[in-house]
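Letters A, B, ... mirror the listed sequences (proteins, then strands); counts begin at 1. Quick caveat: nothing in here was measured; it's all calculated off a predicted structure.
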Amino acid sequence: MLISTNNDLKRVTDVEQKAGRENNNQQKEFVKAITPKAVDYSQWYIDVILKAKLMDYAPVKGFMAIRPAGYALWEKIKEQFDRRFKETGHENAYFPMFIPQELLEKEAEHVEGFAPEVAWVTKGGDEILNEPLVVRPTSEAIICDFYSRWVQSWRDLPVLINQWCNVVRWEKSTRPFLRTSEFLWQEGHTCHRTEEEAEEEALKMLEVYRECIETELAIPSVVGRKTDREKFAGALRTYTVEALMSDGRALQAGTSHNLGQHFARVFDIKYLDQDDQLKYVWQTSWGVSTRLIGALIMVHGDDRGLKIPPRISTYQAVIVPILTKKDREKVLKSVRELSDQLKDVIRVKLDDREEYSPGWKYNDWEMRGVPVRIEVGPKDLEQGKVVVVRRDNGEKVSIVREELTTYLPRLMDDIQKDMLKKALEFREENTRSGSDYEEFKKIMETQRGFYLTPWCGDPECEEKVKEDTKATIRCIPFNKKLEHDTCLVCDKKAENAVYFARAY
RNA sequence: CGGGGCGUAGCGCAGUUUGGUAGCGCGCUUGGUUCGGGACCAAGAGGCCGGAGGUUCAAAUCCUCUCGCUCCGACCA
């Protein structure tokens with residue numbers, strides 16, 4: 001499309017160009033700045049993250065720079081999770097990025113799971129290393145090595161440690177934020193005295209994830225257990241938070257694992273219990289990553305760009321002054337006062353750049369997802385009012401200036417609530433239930449979404465669905481019984497209901 | 001690993017068929033006029049045409065080799 005536009009342009013004469021066609025063309029260009037979701041969802045996603053300046057591609061495939069706008073978002077998300085981790089008794093620490101090959105190889109299932117995607121360090125300076133080092137794809141191995149020395153007595157338990165760091169997984173196909181070769185995340189690693197306590201921890205953190213993602217990111221989810229096929233390499237059980245993107249595909253937004261004693265046994269993490277017996281600890285690990293930013297974009301974003309929920313938005317409102325020649329100084333003075341005044345109640349940004357027109361700024365801030373825009377021009381000054389525009393639904397109202405300090409915080413709550421509500425409605429509309437395989441196949445082809453259905457538990461049935469439809473079992477929800485109990489694929493009786501979906 | 005596509009200014013591209021002084025849009029710089037949904041005028045800056053070899057009086061363009069990126073598939077959370 002762009003190409004033909006350029007060709008057309010080149011064929012017209014200079015005179016014709018100057019006669020106004022340029023103007024028209026520029027307007028069209030802007031509409032094209034973000035590819036509409038309906039035209040090409042993947043392209044929409046890429047356009048949004050680039051236009052909103054969340055990231056930029058690195059010279060190495062699968063890597064990216066997280067730009068200030070994207071990183072600020074991560075910082076806000078991080079803050080919310082970190083607070084909850086501390087509230088549930090965890091402490092932060094930091095472990096090394098390089099893991100000796102020998103350590104990674106201790107847990108058989110674990111190596112096997114990660115081997116295809118580890119990055120190796122084989123040289124230090126000029127020296128070829130005796131034992132190559134693995135760049136952490138996750139830190140179980142190195143942390144367990146430390147824990148084997150740190151844990152001696154039952155009095156040392158529980159160990160409740162979290163770390164914020166980067167990890168590297170050599171991915172074959174990558175997408176910004178959703179799957180990159182390096183990403184930022186948090187990994188909690190805990191040790192417990194009993195199996196029950198570890199299980200309780202794994203489920204507790206799963207709930208922390210679910211609640212935080214819902215409250216702060218305004219993303220509803222379904223939680224449950226992973227099937228053996230989908231569980232973490234080396235875990236006893238894996239639990240997951242699954243969110244539904246606006247194209248009907250599911251995204252794993254967070255996972256929590258009960259590691260059982262698999263790692264404790266191979267890394268020799270033992271404690272002397274009160275009964276004078278040496279026992280292996282029971283462990284958990286759990287993580288969320290910068291993938292949440294991808295979820296945020298795909299759950300809330302629209303054809304104009306990002307929509308950030310107020311609770312995690314870097315700026316909750318942006319003030320755009322309308323600077324006319326006549327009233328320039330008056331308006332500037334007024335918005336500066338307003339900005340100072342609002343700083344006490346919300347995170348506010350004054351955009352007083354003079355090189356951009358108000359219209360340009362509207363589009364720019366909308367693209368970047370700021371929840372509220374406040375317009376202040378000469379007409380507003382006369383009336384002692386300002387214009388307040390919501391990003392989530394476009395609603396535009398004129399508000400008396402004095403009321404803003406009470407109005408805006410309330411508006412932020414409303415927007416947060418409405419965004420969650422909208423996402424929840426979408427989730428519900430796109431969660432279907434049944435056990436008709438033909439209908440299921442059709443749905444996975446078209447609207448997608450979640451499909452809640454009985455499953456006999458046989459990995460072969462799970463595999464067949466994947467081959468036929470590319471859909472996988474996202475999770476086995478807790479306490480979900482269906483009236484109908486014949487497996488979606490075979491005729492066997494099903495113990496559990498599961499959520500199927502095509503996933504990222 | 002298999003198949004397709006692309007490397008020309010910061011970004012997006014045209015120019016390659018038919019060899020002949022390297023272009024367009026956006027962005028950037030300076031100055032001015034504007035400012036309630038991506039304003040306009042004027043003047044500028046910016047290129048080893050991915051790399052190496054060859055053919056030719058002459059190569060972005062033709063030939064050979066090579067490197068990189070990307071999409072689809074396979075593999076994988």
Gap in Å between the two C1' atoms, one belonging to rU66(B) and one to rG23(B), rounded: 29 Å
Pairing partner (Watson-Crick or G-U wobble, both distances under 3.5 angstrom) of rC1(B): rG73(B)
Taking N or O atoms only and anything under 3.5 Å, show me the protein contacts with nucleotides 32-35 of chain B, one pair per line.
unit_1  : atom_1 : unit_2    : atom_2 : d
rU34(B) : OP1    : Lys325(A) : NZ     : 3.0
rU34(B) : OP2    : Lys325(A) : NZ     : 3.3
rC35(B) : N1     : Leu323(A) : O      : 3.3

Which nucleotide, if any, forms a Watson-Crick or G-U wobble pair with rU33(B), using both distances under 3.5 Å? rA39(B)
Separation between the C1' atoms of rA59(B) and rA52(B), rounded to whole Å: 15 Å
Among residues at least two apart in sequence or on other chains, which ones pass side chain to side chain donor-acceptor pair (under 3.5 Å) with Trp365(A)? Asp351(A)
In the structure shown, which nucleotide is the Watson-Crick or G-U wobble counterpart of rG68(B), with both distances under 3.5 Å? rC6(B)
So Tyr407(A) and Val388(A), side chain to side chain contact (heavy atoms under 4.5 Å, CB included) or not? Walk me through it. CA-CA 10 Å; Tyr407(A) 179 81; Val388(A) 175; 4.2 Å; yes
Roughly how far apart, to the nearest Å, are rU17(B) and rU61(B) at atom P? 10 Å
Using the C1' atom in both, what is the distance from rG20(B) to rC26(B), to the nearest Å? 31 Å
Once you apply the 3.5 Å cut-off to both distances, tell me the Watson-Crick or G-U wobble partner of rU61(B), or none. none
Least distance between heavy atoms, Val134(A) atom then Gln101(A) atom: CG2-CA, 4.4 Å
Would you tabulate the nitrogen or oxygen pairs shorter than 3.5 Å linking the protein to nucleotides 3-8 of chain B?
none

Would you measure the distance from the C1' atom in rA43(B) across to the matching atom in rU56(B) and give it in whole Å? 41 Å
As a quick check of understanding, evaluate side chain to side chain donor-acceptor pair (under 3.5 Å) for Ser221(A) and Glu242(A), giving each step before the final call. CA-CA 5 Å; Ser221(A) 57; Glu242(A) 297 283 328; over 6 Å; no
What is the nucleic acid contact for Val387(A), judged by heavy atoms within less than 4.0 Å: base, sugar-phosphate only, or nothing? base
What is the distance from NZ of Lys51(A) to P of rG12(B), rounded to the nearest Å? 11 Å
Could you check whether any side-chain N or O of Ser313(A) sits under 3.5 Å from a backbone N or O of Pro309(A), counting only pairs where one atom can act as donor and the other as acceptor? no
For Lys326(A) and rG36(B), give me the distance from atom NZ to atom C1', rounded to whole Å. 14 Å
Listing time: all N or O pairs from protein to nucleotides 74-77 of chain B that are below 3.5 Å?
unit_1  : atom_1 : unit_2    : atom_2 : d
rC76(B) : O2'    : Glu117(A) : OE1    : 2.8
rA77(B) : O3'    : Arg169(A) : NH1    : 3.2
rA77(B) : N9     : Arg179(A) : NH2    : 3.0
rA77(B) : N7     : Arg179(A) : NH2    : 3.0
rA77(B) : N1     : Arg474(A) : NH1    : 3.4
rA77(B) : N1     : Arg474(A) : NH2    : 3.2

What is the distance from CD of Gln43(A) to P of rC72(B), rounded to the nearest Å? 11 Å
Which whole number of Å gives the distance between the P atom of rU70(B) and that of rC35(B)? 45 Å
Please report the distance separating the C1' of rG50(B) from the corresponding atom of rA9(B), rounded so that it comes out in whole Å. 15 Å
Can you tell me how far C1' in rA22(B) sits from the matching atom in rC13(B), rounded to whole Å? 14 Å
Paired to rC28(B) by Watson-Crick or G-U wobble criteria (both distances under 3.5 Å) is rG44(B)
What do you reckon, is NZ of Lys422(A) surrounded by more than 12 foreign heavy atoms closer than 6.0 Å? no
cation_pi(Arg169(A), Trp185(A)) dist<6.0 Å, angle<=45: yes
Derivation and outcome, side chain to side chain contact (heavy atoms under 4.5 Å, CB included), residues Leu292(A) and Phe81(A): CA-CA 12 Å; Leu292(A) 285 173; Phe81(A) 280 96; 3.6 Å; yes
Separation of Lys53(A) atom NZ from rC11(B) atom P, in whole Å? 14 Å
Ring center gap for Trp170(A) and Phe63(A) short of 6.0 angstrom: yes
Show the nearest heavy-atom pair for residues Glu171(A) and Thr180(A), with the distance to one decimal. CG-O, 4.0 Å
Re rU55(B): Watson-Crick or G-U wobble partner, both distances kept under 3.5 Å, found to be none
Assigned partner base of rG23(B), Watson-Crick or wobble definition, under 3.5 Å: rC13(B)
Can you name the side-chain contact (heavy atoms from CB on, under 4.5 Å) partners of Leu338(A), sequence neighbours left out? Ile319(A), Gln341(A), Leu342(A), Ile374(A), Val376(A), Val386(A), Arg401(A), Leu404(A)
Measure from the side-chain N and O atoms of Thr35(A) to the backbone N and O of Gln43(A), and report whether any donor-acceptor pair falls under 3.5 Å. no
Check for me whether the distance between the ring centres of Phe500(A) and Phe450(A) falls short of 6.0 Å. no
Shortest non-hydrogen contact from Glu187(A) toward His189(A): OE1-NE2, 2.8 Å
Taking only heavy atoms on the protein side, list every residue of residues 373-385 of chain A lying under 4.0 Å from any atom of RNA chain B, sorted numerically. Arg373(A), Glu375(A), Gly377(A), Pro378(A), Lys379(A), Asp380(A)
Determine, for Phe478(A) and Arg225(A), whether the Lys NZ or Arg CZ falls below 6.0 Å from the six-membered ring centre while staying within 45 degrees of the axis. no
